[in-house]
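Okay, so here's the structure we're looking at.
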Amino acid sequence: MTDIALLDNLFFTRTGMDKGRVGQITRDALHGMDDGELFLEYSQSESFTFDDGQLKNASFNTGQGFGLRSVLGEATGYAHASDLSEDAIKRAATTVRAVNYGQAGIVAENRPPFGTNQNLYSDINPLAEVPFAKKITVLQEIDAYLRSKDKRVRQVSVSLLGSWQAVEIIRADGSLTGDIRPLVRLNISVVAEENGRMETGSHGAGARTAYAEYIDESHWKAQAEKALRQALTNLESRPAPAGEMPVIIGNAWCGVLLHEAVGHGLEGDFNRKKTSAFAGLMGKRVAAKGVTVIDDGTIANRRGSLSIDDEGTPSNRTTLIEDGILTGYIQDRLNARLMGVKPTGNGRRESYAHQPMPRMTNTYMLGGDAKVEDMIRSVKRGLYAVNFGGGQVDITSGKFVFSASEAYMVENGKITYPVKGATLIGNGPDILTKVSAIGNDMRLDDGVGTCGKAGQSVPVGVGQPTLLIDRMTVGGTEVG
């Protein structure tokens with residue numbers, strides 16, 4: 001259970017605000033509105049970067065503030081400030097009621113979120129858990145370990161990040177809910193050189209938990225070796241071919257392609273406004289049989305999980321595509337109300353200075369029964385992409401471009417050599433229909449995802465099994 005006494009101390013006892021008066025200000029501000037809430041936040045964050053044998057950056061930040069939102073019809077009034085005081089909230093209340101002028105509103109049932117006792121992570125503050133000196137020592141040890149592993153290592157960059165966020169949400173009916181959210185992440189990047197050629201490998205991991213697991217020697221060594229293996233593999237890579245060919249897409253972090261090319265298109269706001277390639281397709285086939293896509297914010301300790309979302313709605317496990325049929329969208333309260341459906345616990349915001357909107361949590365595809373080795377044997381000439389870097393997607397058309405940070409050629413049913421510079425080009429809804437085999441190796445990523453939308457960033461998780469796509473456009477430097 002979230003420590004309500006701690007939340008009250010952060011937002012009321014410490015600031016001198018009276019909970020009853022703040023609740024009344026909120027009720028008065030939202031009277032006659034369709035929806036809205038007062039969002040209170042206190043946060044701490046830190047980061048350490050060890051680069052080229054030196055501690056290059058160490059930072060610690062605290063932040064606090066509130067965001068007051070009123071919603072009438074499709075119009076939203078929003079005011080925020082870093083000043084946690086009753087006077088500041090009163091001034092914000094005057095501002096957000098401006099949406100009442102000239103707006104007719106929408107007659108709709110608007111019940112507050114139902115209560116929940118779920119708590120998907122500990123209240124522990126990771127920033128206070130491990131001494132400063134220990135964190136720096138671990139970064140030094142990772143640097144030294146990688147340099148000792150292979151003489152080709154030229155540069156090592158390691159970063160350790162942690163945050164602790166406390167939120168309390170007061171709604172128009174006076175109901176109050178809160179959450180305390182830890183988050184940690186360790187990133188390792190390696191540059192290797194051979195015969196004048198330099199290549200990079202990287203790996204990261206994190207979760208809504210304490211630092212202990214990630215600074216444990218056995219854990220960081222495994223992570224460091226994955227980054228090193230990727231760098232050394234890329235030293236042997238050849239230019240990627242170009243053209244249409246079968247593509248095997250790896251599991252776990254490769255689900256970032258699913259997140260970008262499909263997940264965003266299933267968010268409620270894009271579909272309500274009919275700007276998504278999936279708009280109007282509810283109940284219709286949008287993917288091959290066997291393809292089931294889930295958004296699940298209820299997985300304990302995962303990076304994208306939330307006990308409650310930023311509107312106070314408990315997180316949920318929402319089936320978006322079931323056996324190839326579109327069955328659901330990702331919803332916040334505003335878009336759910338306007339579309340006449342229930343919110344799914346996906347109303348998220350970067351901070352008190354931002355309005356909530358429908359966002360993914362942990363988005364993944366369920367596994368099938370195919371074996372990866374059988375997929376490889378079935379390909380005469382194609383690409384096996386096992387890791388991705390950056391990518392871009394157009395929500396309206398569904399078109400995407402993704403770069404593979406680690407990929408291999410498959411020839412006559414065998415993996416032959418690594419390739420560099422491969423990009424995958426396609427259309428999200430179209431690619432889903434070309435899935436011909438779904439692996440039995442579904443796995444979630446290691447906890448590094450950050451999703452951007454409308455200028456806001458939030459932590460997310462991705463995952464999928466290995467997939468075989470019959471035909472896909474590959475961009476490269478050699479014409480195949």
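Ion pairing of Asp310 with Arg348 is absent here, as no side-chain N (NZ or NE/NH1/NH2) approaches a carboxylate O to less than 4.0 Å. Checked for salt-bridge contact, Arg337 and Asp35 miss the test: no charged N lies under 4.0 Å from a carboxylate O. Here Arg349 pairs with Glu37 in a salt bridge; the nearest charged N to carboxylate O distance falls below 4.0 Å.
Atoms CD and CD, on Glu311 and Gln355 in that order, are 10.5 Å from each other to the nearest 0.5 Å. To the nearest 0.5 angstrom, Asp309 atom CG is 10.0 Å from Thr361 atom OG1. With rounding to the nearest 0.5 angstrom, the CG atom of Leu161 is 7.0 Å from the OG1 atom of Thr49. A distance of 10.5 Å separates CG of Leu7 from CD1 of Ile169, quoted to the nearest 0.5 Å. The distance from atom CD1 of Ile124 to atom OG1 of Thr209, rounded to the nearest 0.5 Å, is 7.5 Å.
Crowding of Asn61 atom CG: a count of heavy atoms from other residues, nucleotides or ligands under 6.0 Å exceeding 12.
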Would you give me the side-chain donor-acceptor pairs under 3.5 Å for residues 429-438, sequence neighbours excluded?
residue	atom	partner	partner atom	Å
Asp430	OD2	Lys434	NZ	3.2
Thr433	OG1	Asp430	O	2.5
Ser436	OG	Leu468	O	3.4
Ser436	OG	Asp470	OD1	2.8

Would you give me the side-chain donor-acceptor pairs under 3.5 Å for residues 278-291, sequence neighbours excluded?
residue	atom	partner	partner atom	Å
Arg285	NH1	Ala287	O	3.0
Arg285	NH1	Asp323	O	3.2
Lys289	NZ	Asp323	OD2	3.2

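Using a 3.5 Å distance cut-off with no hydrogens or angles, the side chains of Asn187 and Arg185 do pair a donor with an acceptor. Using modelled atom types, one finds a donor on one side chain and an acceptor on the other under 3.5 Å when comparing Arg27 with Gln24. Inspection of the Gln44 and Asn125 side chains reveals an N or O donor paired with an N or O acceptor under 3.5 Å. Using modelled atom types and a 3.5 Å distance limit, the side chains of Asp179 and Tyr121 yield a donor-acceptor pair. Side-chain N/O atoms of Gln64 and Arg14 include a donor and acceptor closer than 3.5 Å. Thr466 and Asp441 are linked by a side-chain donor-acceptor pair at a separation below 3.5 angstrom, with hydrogens and angles left out of the test. Side-chain contact of Asn271 with Glu267: a donor-acceptor pair under 3.5 Å is absent, judged by distance alone. Between Thr318 and Asp295, the side chains place no donor N or O within less than 3.5 Å of an acceptor N or O (distance only, hydrogens not considered).
In summary, the aromatic rings of Phe66 and Tyr352 are positioned with their centroids too far apart to meet the 6.0 Å limit.
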